[in-house]
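For reference, the structure is listed below as structure tokens.
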Amino acid sequence: MGNYLSLLGQSLPPKSKFNVTDIPDLSDRVFIVTGANTGIGKETVKALLSHNAKVYIAARNQAKTEEAIKDLNSQTGKEAFFLKLDLADLKSIKVSAEEFLSKETQLHVLINNAGVMFAPIKDVTADGYDLQFGTNVLGHFYFTQLLMPTLISTAKASPDKKARVINVSSSMHVLGNLDFATFKDGAKRKKYSKYTLYGQSKFGNVVHAAELHRRYAPEGIVTISLNPGNIQSDLQRHLPAVQRKLMGFMLYDTPHGALTQLYAATSPEAAELGGRYLVPWARVGPSRKDAHDPRIGEALWTWLNEQVKDI
């Protein structure tokens, strides 16, 4: 019952005390936002550009991203940069990180915003993982680890600002668990619903962030996970049209959806919130307590690390 009450409370948030106008000047700061050619990711990039950040949109679809960059430029007068990234293909992730590192020596903030929601059970990654867990958790884990040395060196170069990793989760993480036998395709995975597998991936996002905090806070890395809110976006594309229409009456717009991750990524106050979980809008809130259990974090980290060790 407690989990359902938590879902309900996060669905009806109070008015935000944080606004885009509260973002400080971000000149000389470098950001990567995954999956930011649409939805709350694109809205996040818009706000970052408006405050003078250098932003890379890491996404799979180049044509769609270039169109988003053009649109953002017309709105802000600033230009984001395209970084090709397919989170459902581990080799592609390695190439993407190498491409970024060939261009930049600093990375101040990585926002792991991209996600797949309610994907058909038949859909798996290029490497045979459940598409939702493989994209939302494993893909972001690997991308983050490849960029971690640069995040650490950036934090050490400007310890007053630190460096940040933001994992975008969901209120549905409270309904998830970690069944390791379902992370890759197989008979047990096929017995699960796409909704259960989504909840599992979002739970994994929070567990991953908590473990990142335990491992890298001493290196100056601030890691935060969050629920952006119930937002109208492309995430609902796998739902039937009637269900999408009905849900539309209960969803907020993308500017609201960007608020909590913008707060986590830019506000001076959030630099002290490493290891915490944020809820709409831009406030510390409750998460599943076991998401912060070191034993669960260690088990997930070990499994994730094993999957990418030979890429």
Side-chain angles (χ1 to χ4, degrees), residues 1-11 34-35 38-40 60 86-89 112-141 167-209 225-252 257 277 279-280 286-291 293 296-297 299-300 303-304 307:
M1 178 63 71
N3 287 341
Y4 290 100
L5 290 175
S6 175
L7 276 172
L8 180 61
Q10 293 177 36
S11 298
T34 67
T38 189
I40 66 174
R60 182 177 56 183
D86 184 352
L87 287 163
D89 184 334
N112 289 323
N113 163 84
V116 179
M117 184 172 77
F118 305 153
I121 295 295
K122 64 180 179 61
D123 291 352
V124 295
T125 72
D127 305 286
Y129 298 93
D130 172 69
L131 183 63
Q132 297 186 95
F133 199 87
T135 300
N136 299 349
V137 184
L138 178 58
H140 276 130
F141 166 83
N167 275 9
V168 180
S169 180
S170 163
S171 59
M172 281 192 68
H173 87 275
V174 302
L175 304 180
N177 290 293
L178 294 181
D179 187 340
F180 287 71
T182 66
F183 294 170
K184 294 198 82 167
D185 195 22
K188 189 169 186 181
R189 173 185 167 272
K190 288 182 171 67
K191 294 179 181 179
Y192 277 58
S193 75
K194 60 185 179 182
Y195 307 103
T196 300
L197 292 172
Y198 177 71
Q200 175 171 258
S201 75
K202 295 290 98 179
F203 181 59
N205 287 149
V206 184
V207 174
H208 172 222
S225 59
L226 60 91
N227 165 26
N230 297 334
I231 308 300
Q232 182 77 54
S233 74
D234 284 354
L235 267 181
Q236 290 94 34
R237 64 186 179 276
H238 291 299
L239 289 172
V242 173
Q243 193 173 351
R244 288 201 306 271
K245 187 173 182 180
L246 289 173
M247 284 183 65
F249 294 107
M250 302 178 286
L251 300 177
Y252 291 86
Y277 177 77
V279 299
S287 68
R288 281 266 299 271
K289 288 184 178 180
D290 55 348
D293 185 332
I296 295 175
L300 178 61
W303 183 90
L304 292 168
Q307 308 315 300

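Just so you know, these numbers come straight off a predicted model, no measurement behind them.
Taking CG of Asn112 as the start and CG of Leu87 as the end, the distance is 8.0 Å to the nearest 0.5 Å. Here the CG-OG distance, from Leu226 to Ser170, works out to 10.5 Å after rounding to the nearest 0.5 Å.
When every heavy atom of Ala88 is checked against every heavy atom of Asp127, the shortest pair comes out as O-OD2, 4.2 Å. When all heavy atoms of Lys194 and Gln132 are compared, the closest pair comes out as O-NE2, 3.0 Å. Gly204 approaches Leu300 most closely through the heavy-atom pair O-CD2, 3.9 Å. Smallest separation of non-hydrogen atoms from Met172 and Tyr195: CE-O, 3.9 Å. Tyr192 and Thr182 make their closest contact through CE1-CG2, 3.6 Å (heavy atoms, listed as atom of the first residue, atom of the second, distance). Across all their heavy atoms, Val168 and Lys202 have their closest contact at O-NZ, 3.0 Å.
Under the rule for a ring pair (Phe, Tyr, Trp, His ring centres under 6.0 Å), Phe203 has no partner lying at least two apart in sequence or in another chain. Looking at residues two or more places apart in sequence or on another chain, you find a side-chain hydrogen bond (donor to acceptor under 3.5 Å, both in side chains) between Asp130 and Arg189. With sequence neighbours left out, Thr125 forms a side-chain hydrogen bond (donor to acceptor under 3.5 Å, both in side chains) with no residue at all. In this view, Thr34 and His140 satisfy the side-chain hydrogen bond (donor to acceptor under 3.5 Å, both in side chains) rule, not counting sequence neighbours. For the side-chain hydrogen bond (donor to acceptor under 3.5 Å, both in side chains) test, residues two or more places apart in sequence or in another chain that qualify with Ser201 are Asn136. In this view, Lys190 and Ile121, Asp185 satisfy the side-chain contact (heavy atoms from CB on, under 4.5 Å) rule, not counting sequence neighbours.
In this structure, Trp303 and Leu178 have side chains that are not in contact, with every pair of non-hydrogen atoms separated by 4.5 Å or more. Counting heavy atoms from C-beta on, the side chains of Tyr277 and Asn227 come closer than 4.5 Å. By the 4.5 Å heavy-atom criterion applied to side chains, Asp293 and Arg288 are not counted as neighbours. Contact check for Asn167 versus His208: side-chain heavy atoms found under the 4.5 Å cut-off.
Side-chain atoms of Gln200 do not come within 3.5 Å of backbone N or O of Phe133 as any donor-acceptor pair. Here the side chain of His173 pairs no donor or acceptor atom with the backbone of Asn205 at under 3.5 angstrom.
When ring centroids are compared, Tyr129 and Phe183 stay outside the 6.0 Å threshold.
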